[in-house]
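Everything on this sheet refers to the single structure shown next.
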Amino acid sequence: MQPQHSTVLMVADAPERIENVRQAMDCSRGAIELLWGTFELRVCNCLADATKLLEGRLYDVVLLDPTLGVRDGVDSLDSLLIASPHSAVVVLVSEHEDGAALDALRRGAQDYLMLEEIHGRMLSRTLRGAIERKSTELRIAESRAELIWRLAKAAEYRDNETGNHVIRVGCYAREIGIAMGLDRKEIETLFLAAPLHDIGKISIPDAILQKPGPLDAEEMRTMQQHCVIGAKILGDSAEAEQFPYTRRVVSSGCLGQYDDPVRTVAQRIAMSHHERWDGTGYPGRLTGDQIPLEARIVAICDVFDALLSPRPYKEAFTLEMSLDIVREGRGTHFDPAVFDAFERSLPALIEIRDDLKDVRNHEREKELLHGAHSS
Ligand SMILES: [Fe+2]
Ligand SMILES: [Fe+2]
């Protein structure tokens, strides 16, 4: 088997901690290399530089001194977990900081290293184990995200079979969540839950969903039902318990037991993404903080993307026109704090919009036609 080569970014500013790791790395050359592979170490002693480095390159491991940034009130662990979701984060702690080690594991670090015990073999084994655990975790997370996206796209397929609207809404919501200072778990949950906002459209008749003109009052009432139906599809735990087989599999330990907030957040979003800050929305005519924060975030993402996209009843608006309309909604349609975070995130949102463009129908038809001719 080929020894693996792995990249490690150490983020620490205490010289003795850096020296400890450097020495252990030097010891890990030679015989240990054959067992555990090689490690390339880069040291960075400031959080801002680390974030920049992580933007430019994927590191297998981020080795973090979690006390970095504490003086400035910055949570360095959370910042790095967000900046580098694909790296295994390992924290460096001292013997008297074992509370910090447990806290870091609970919050998403893969492992910890006791500074007083660091030596080459242990260092390389810990790093290799962390990389393996992270890659398993990523595989599970990716397959879960893919299932959620496919489910969300199943509803979107009814009226826009080539669109990426639901995926874009998830990506925008993530950016706004970051700009609002939500914690990493909340941001991840929002990212996964937001694409399911229109899942209830699965139950709306084609004649309404694809109607080219404006809806009459009765059709509008039916269309508005998609919120309540979506929330019902995403259900509550009491409903899940009606599936005895599923419950048996889960409780046998095959799927593990953990508290997953994605479904409950998705349910809140499905129910309330058409509520408006001033209480004129639907279905509950909720106002202000009565509307769950996640739904307030998705509301602005959904409107922004819908304005930029063609719909059966309208052409796509330009970016300028769309932004004018969204800006008019500050404090009436949209929560002012969410709107301000939207403004701060705008460059990232525009980039997402460009990266995840819809494949228009005529292009798709050309592709299909080309496929049919060449087969
Ligand atoms: Fe909707
Ligand atoms: Fe939508």
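Indexing begins at 1, ligand by ligand and atom by atom, following the structure's order. What's counted below: heavy atoms across the whole structure, side chains too, no hydrogens, waters or symmetry copies.
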Would you check if the Fe ion (ligand 1) lies under 2.8 Å from any N, O or S atom of Cys227?
no
With a cut-off of 2.8 Å, does His273 put an N/O/S atom close enough to the Fe ion (ligand 1)?
yes
From Thr280 atom OG1 to His333 atom NE2, the distance as rounded to the nearest 0.5 Å:
7.5 Å
Identified side-chain contact (heavy atoms from CB on, under 4.5 Å) counterpart of Val91 within the set Asp65, Leu80, Leu77, Asp111:
Leu77
Tell me the angle that NE2 of His274 and NE2 of His226 form around the Fe ion (ligand 1), rounded to 10°.
90°
Could you go through the side-chain contact (heavy atoms from CB on, under 4.5 Å) check for Thr287 and Gln290 one step at a time?
CA-CA 6 Å; Thr287 54; Gln290 288 180 327; 3.2 Å; yes
Is the distance between the Fe ion (ligand 1) and the nearest N/O/S atom of Asp198 smaller than 2.8 Å?
yes
Of all N/O/S atoms in Asp302, which lies nearest to the Fe ion (ligand 2)?
OD1
So that I can tick it off, tell me whether Arg221 and Glu218 are bridged by a salt bridge, with the cut-off set at under 4.0 angstrom between side-chain N and carboxylate O.
yes
Summary of ring-ring contact (aromatic ring centres under 6.0 Å, His included) pairs that have at least one residue in residues 188-222, sequence neighbours excluded
Trp149-Phe191, His165-His197, His197-His273
